[in-house]
Amino acid sequence: MESRARIKALLKKLMNRKVMISVLALVMAMVTSGIIIKLSGYSPVEAIMAIFEGAFNGKSAIARTLVQATPLILSGLAFTVAQKAQLINLGVEGQLYLGALATAMVGSMDLGVPGGLHLIFAILVGMLVGGLYAGIVGVMKVRFGSNEVIATIMLNSIAILVANYFVSGPWKAVGSVTGQTEKVLDQVRLARLIPHTQLTLAIAVAIISCLIMKWFFDHTVPGYEIKVVGQNKTAAKVAGIQTGKIVILSMLLSGAIGGLAGGLHVLGVDGRFITGFSPGYGFSGIAVAALGAGSPIGVIVSGLIFGVIRSGSMLLDLKTDIPLTYADVVQALVIIFVATPMLITEMIHKSKRVVSAMNPSSKKGEES
Amino acid sequence: TPASEGTAVEKVDAGDSAGETSSSRVGIVLTTGGLGDKNFNDMAYDGLVQAKEDLAIEFDYVEPKVVSDYVSHFRMYAESGEYELILGLGADQADAIAEVASEFPEQKFSLVDSAADLSGVRTVYTDWTHQTFLCGVIAGLETKAGNLENANEENVVGVVLGMEYPILLEGVMGFTSGVKYVNPDAEVLQATVGDFSDPAKGKEIALSMYNRGADFIQHIAGASGLGVFNAAKEENRYAFGVGGNQNHNAPDYIVATSIRNVNEMVYNEVVLALEDKWVPGPTGSGLKEGSVGYSVEGSNVVLSESTIKIVEEVKAMIINGELQPCRTIEELDAWVGNNQYFQ
Amino acid sequence: MNDIVRMTDISKVYPSSNVRALDHVDFTLKKGEIHSLLGENGAGKSTLMKILYGMNAPYSGEVVIYGEKKIMSKPIHAIELGISMVHQHFMLTPVMTVAENIVIGREPRKGILFDRESAEREIQKMIDTYGFNLSPKAKVEDLSTGEQQRVEILKAMYGGAGIIILDEPTAVLTPQEVNDLFAIMRRLKADGKTIVIITHKLKETINIADRASVLRDGKMIRTDIQVKDTTIEELSRYMVGRDVELGIQRPSLEIGEVAFEVRNLNLVEREHSILKQINLKVHRGEILGIAGIEGNGQSELLEVLTGVRKPTSMELRKNGELLKGDARAFIDQGIGHVPEDRMSQGLVASMSIMENLILGYHKRPQFSKRGLLKDTEIEEFSDQMIEEYRIKAPGSRTPCKMLSGGNQQKVVIARIFSEDPDIIIIAQPTRGVDIGAMEYIHSRMLDLRDEGKAILLLSADLDEVRNLSDRLLVIYEGEIVAEAERNQMNESEIGLYMTGSRSQKSGE
Amino acid sequence: MSFLQDNMVYILVATISMSIPLILASLGGIFSARSGIMALGLESMMMTGAFTAVVGTYFSGNAYVGLLAGMGGGALISYLYGILCIRYKVNQVIAGVGLNLLALSATTLLTELIWGNRGSSPQVASIQLNLSFLSKVPVIGKILEGQSILLLITGVFVCVAWFVLFKTVYGLRLRIVGENPKAASTMGLKVKAIKYQGVIICGMLAGLGGAYLSIDHIDLFQRNMTAGRGYIAVVIMILGRYHPFYVVVAALIFGFSDAIQIYLQGQGIPSQLMQTIPYVVTLFVLAFGVKHIRPPAGIGMHEDDH
Ligand SMILES: Nc1ncnc2c1ncn2[C@@H]1O[C@H](COP(=O)(O)OP(=O)(O)OP(=O)(O)O)[C@@H](O)[C@H]1O
Ligand SMILES: Nc1ncnc2c1ncn2[C@@H]1O[C@H](COP(=O)(O)OP(=O)(O)OP(=O)(O)O)[C@@H](O)[C@H]1O
Ligand SMILES: [Mg+2]
Ligand SMILES: [Mg+2]
């Protein structure tokens, strides 16, 4: 009996408003895209089945889903962290790029250190580079009052161009015909958790990073100060918090997480830096952060959801005639619906009204 | 289904095995550019459509979002075990296809457009320098002669790149050495759009070259090249297409296309696989095989007989090995010193 | 019947906080009266008036205006009926000019063009009539709070509304300005206008109103009180439900040695001399009050003395020792600071009470250790503060934005007072706070003083400064122009110094 | 440098033609931002405009119909943006990025459904009218003669925008709404309606900017052909302090540095590094030129916020 009550309590906790709305939004996005798919003459059932099969059917499918989710979770986290200080870091893409490049370079050099150390060093350098690159924005903001939206958009383009220059020129792998660095040493590659998949500990690192950030914001002094600065800069100043330092710190942190996303991708998936390796993870991160509703825990959940869509759409692509563009449409719709909780609440209200109109005896329920 | 005007496939003799293998499936991993590029991917797709018609095969295709996804796609094909042949496209798939091929030694893998030597994988490559060299020769001859209606006095031509990828720079060198082979004093301008799908910027870049005296521009810029054609029309100058025959895009202004018959290459791989003639290892395919070259078909620009004669002569020289286009910018000066058509 | 507004059975629940702000309230306005609406913080005064102004739909109940039943769901409905409102929190656009702010929504125009000249001319005329010191061309962001209040009042008058609602218009005005405002109100009344005024200062109600109504916890406790037949004590009893000690005067028991000394303080910014040669001393066991009209450098003085702003020159001593540094250093040195605007400077509205109670002191060992917050200790501390300071809130985790103004002020005060600072710099401690809370805050301040703290009090509320201060300074245009011991100067004398009509300095 | 001088006329010609779509889009952005909605969805409006312009031209055979269709397309998606941000109070960054993704995938999908190719449309008619009648004007005649009639239209729009924003009652109201929606609402303004208007004007102008790219500058729609110009337009709008004239200056600075880099390419410096020039210049202008830009205070706020 008692355990039943506990499960009930747990369910109640899980079914809170935020979660309900996110779930309903997903359903709405699915239904809408289903209609679009149907209108274009394809079978929505087939599409959804393919997506679920591609994401969950078998070990390698699940592995693929987790691999896809990893950079999304981290990019979403990077955006969320900056957002806590009320900073819009549209530059995660650039930070991720440079982080990946730095990790790849360090990883491909023979430093004569043991593997584990080398790996950690490579990751840390990636984080440092990503962090410093974002730090520029923080410094510009504090020093010159520069708008971070402009600065990050500009720095994105610069990062991508400069990285492309290095990997097509001075740092290009010998004999390679595409823009890429040398392979990283085997000792710095992340070990595969399941053979013949790309699944590595990277996903664990991503999830742990989210947990750490949640803990950081809830229980540490700098986390607290970031939140205060984000919510009320004047009050923070009056309380003796050095707002400039905090702004820079948040950007550094956010950029470091972006750099980590890039570094893990290099060491876990590609084994080197390859031009164009990111399909806009930085921007998808904004969507992930939106779905995660500003909470690092939410980011894990939403990163996984986007991972499912991306991984599932690979099978959709392979198995059906439905063009891959539909998967993009689904993703965009998910973002839009999830970002629109009021639409969902409105619909709930309307449907309640309809129900109560059809069924006058249930009118009491409206009061509550 | 994606259309691809002007990429007609010349039929390779399919032998008489077509009937028996009606249930064979072929899978292809396209490049990150995806279908609709009216080029590489669309041509490969057309090759398979042709194969489906001629050889009664079935085929599946996937369009990866990013380079990192290649491995997953190859593995999904291989794991299903349903495919007679798994095709890859583009040099950047080499790592991925090699990794999966090592896990599935029984499976046939072919990678089109890569020269890498990968165990268990058949790679077929074309030479970029061979692809653009002959259009370079045309440009070199015509910009100096100035006979064509819209050619000018100045001895300047240009190349527009989409992005500065190492492999595309070979295409630039092919064109440049082609120009210099017949016209060593010509200036070859070069600029990069920074995007493969920004025709507006492509046009601006082409205009900047035409303004500086160029009268012929070779683009290697994907859809950004459409802007180059537009600039040619507007400025009354000439351009060269790349990949599939693009001459119809602006027949009065596009002199020729630096052709690469990816469709034929793909088609051939299917034939080989069905006929059990498939063997792993790298195979070159160039001017001789007809996989690359120039095509004036569909263009309204009439080249003089002497030009055509010289181009064909040069083509023959490359095919029989008398002439090798220059490959790198560093070697160019020395190469020009040693290789001249008009002594 | 000359009831031009009749609100019956009005109820309102805010869905976001689930607060029943109004509970079956009836309210009427008679033509040509000045009606004072009273009640503690959070009683529902603003809510009721916002419903009348169409800003608070949906509500339940009936609103009848000029005898006709109306549904007030948008301000435009009220505006069209000739109702205007001065809001408790300013509704001004800082980057725009006085004239633009006032005429918006009913702009003089030439075709599609905004007729700026005639707008400015009209506003200037109003300014002249009411004797305000304002320029229609000035940007609102350059105005002091008092001046902004005047803009709000002009906004309400512009367009000739018949019913004018003033929600705490006097909170930031000097006595002189209050008198001016009241003169205007009487004139408007003579013109046949009907006015509602919300205020926490019962003296003002007695002074200006014809009738009064009292709300408590969303219920109308008394309505139709004839002001001429009542007293401050009676009104305060209606509001709070008990007797309130108003205007506590408790002279210092023992004034100790100098605890806090400022010498040679000057502040020049953008070639404007904002603070000029300020010298002051606060002793242990003393409250030093600084009176002055808003915009005469008090805000800057406060910021300099708490390390938020860098002065051009200053020598600051605490217990004889030279003090330097930023806000952090000042806090660490035991200088407590209650900022003048709680919402923008004192609190992080979206954060919880407990998070706000440690703000600025979060690095103290009792709240954190090596960068980690001590969650249990913080929560215990917070629960204790809520009890001790009688903060009306569901719990420590309630966000501050859900509290009423008075309770928010208590959070700030509790934070500073509980940290046992030697010196307390406190500005506008009871602005917008109801009489019950005011009584409490004042008595706490006096207790602290009696414990030997040195307190520097800045306030625009002259009664407050006069009652609490053991010594009083008057500031005018960044200069200390007068100094007096308790009860040495009367209200009108201080008023003369505050407006610069008189100066001890020039008299020397 | 004399090389640049020799080509200065061409560089200026390129500057102008590359700036036109940016000016139009940022001009639109001003209306949106000034009404309180940060136009991060400009990219989607430009892209949709570019697409519908080609659709309109394709089916009517008339590029001027196409221009109108481009404005309509931009307006349509901006209306959606408005519904999200105004009615449903969606976070504007997220709504913008979401719509940008939607516009990219939707235009790709429709390109495929209409023309059977998901990369690009067929070639369509394009705007042919240019300013050749100005060729006689001394000095600038050379720069202007080849420019499209849209340059003239852009210039007119810039002036009209300035006039509307700062001289008319409507502009005053729009700006008040963007600065302080609550105050505007208490003064009886129809805040939501004004915001919708701001956003839709934004969509029409950005759509026109997109149409310039697709049926004026060239003559077809190519998937993702706006190539991030919408984001650049946001940058230019902010850099131009949300003011029509300064936005023109900011766009010309960006366009000019972009044109310079095109002409400087192939002079030995790696092309990728040359391509960073406009971005680096913008950063420098941001850091040392226009400090502390103050956005409209009401961005992201709603009239019924408490
Ligand atoms: N967008 C979301 N989608 C799905 N689940 C979510 C989402 N946001 C939060 N959750 C779930 O709700 C729970 C609460 O998460 P959250 O981090 O928001 O806690 P919180 O109580 O808000 O913490 P805090 O008050 O410190 O912000 C988590 O366990 C998570 O599973
Ligand atoms: N926008 C709102 N959302 C939720 N709750 C609100 C809102 N506005 C007011 N409340 C709540 O409604 C109650 C009445 O508030 P109201 O502002 O009417 O009080 P008041 O009498 O004007 O107080 P004060 O003297 O502090 O101005 C308070 O408990 C307050 O917390
Ligand atoms: Mg949380
Ligand atoms: Mg109130």
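By convention in this document, chain letters (A, B, ...) are assigned in the order of the sequence lines, proteins followed by strands, and residues within each chain are numbered from 1. Here the structure is a predicted model, which means the values were calculated and not measured. Quick note: numbers below take in every heavy atom, side chains included, and nothing from hydrogens, waters or symmetry partners.
- For a residue to count as touching a neighbouring chain, one of its non-hydrogen atoms must lie under 4.5 Å from one of that chain's; by this rule B/Glu164 touches chain A with the backbone only.
- The greatest number of non-hydrogen atom pairs below 4.5 Å with chain B, out of A/Leu161, A/Leu316, A/Asp317, is found for A/Asp317.
- Chain B is approached within less than 4.5 Å, heavy atom to heavy atom, by A/Ser60, A/Arg64, A/Gln68 from residues 54-69 of chain A, ordered by number.
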- Would B/Tyr45 and B/Phe59 satisfy ring pair (Phe, Tyr, Trp, His ring centres under 6.0 Å), going step by step from the backbone distance to the final call? CA-CA 10 Å; B/Tyr45 184 91; B/Phe59 75 91; 5.6 Å; yes
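- Of residues 124-133 of chain B, no residue lies under 4.5 Å from chain A by any heavy-atom pair.
- The main-chain N or O of B/Val292 is never found under 3.5 Å from a side-chain atom of B/Arg260 such that the two would form a donor-acceptor pair.
- No side-chain donor-acceptor contact under 3.5 Å links A/Thr178 and B/Asp92.
- A donor-acceptor pair under 3.5 Å is absent between the side-chain atoms of A/Ser168 and the main chain of A/Gly179, judged by distance alone.
- Between B/Arg25 and B/Asp60 there is a salt bridge, since a side-chain N of the basic residue sits under 4.0 Å from a carboxylate O of the acidic one.
- Between chain B and the residues A/Lys319, A/Arg272, A/Gln180, the largest count of heavy-atom pairs under 4.5 Å involves A/Arg272.
- Heavy-atom pairs under 4.5 Å with chain A were tallied for B/Lys65, B/Glu103, B/Met163; the largest tally goes to B/Glu103.
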- Item | B/Thr31/B/Asn41 under side chain to side chain donor-acceptor pair (under 3.5 Å): CA gap, chis, key distance, verdict | CA-CA 7 Å; B/Thr31 76; B/Asn41 289 291; 2.9 Å; yes
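- Only the side chain of A/Ile274 comes within contact range of chain B, with heavy atoms under 4.5 Å apart.
- With a 6.0 Å radius and a threshold of 12 heavy atoms from other residues, nucleotides or ligands, A/Phe52 has its CZ atom at or below the threshold.
- A side-chain N or O of A/Asp270 and one of B/Ser68 form a donor-acceptor pair less than 3.5 Å apart.
- Between the CG atom in A/Leu199 and the CG atom in A/Leu190 there is a gap of 10.5 Å [rounded to 0.5 Å].
- Residues meeting the side chain to side chain contact (heavy atoms under 4.5 Å, CB included) test with B/Ser102, sequence neighbours left out: none.
- Taking the six-membered ring where tryptophan is involved, the planes of A/Phe273 and A/Phe277 are perpendicular, since the angle between them exceeds 60° and thus also 30°.
- Remark: B/Glu99 engages A/Arg192, B/Arg75 in a side-chain hydrogen bond (donor to acceptor under 3.5 Å, both in side chains) (not counting sequence neighbours).
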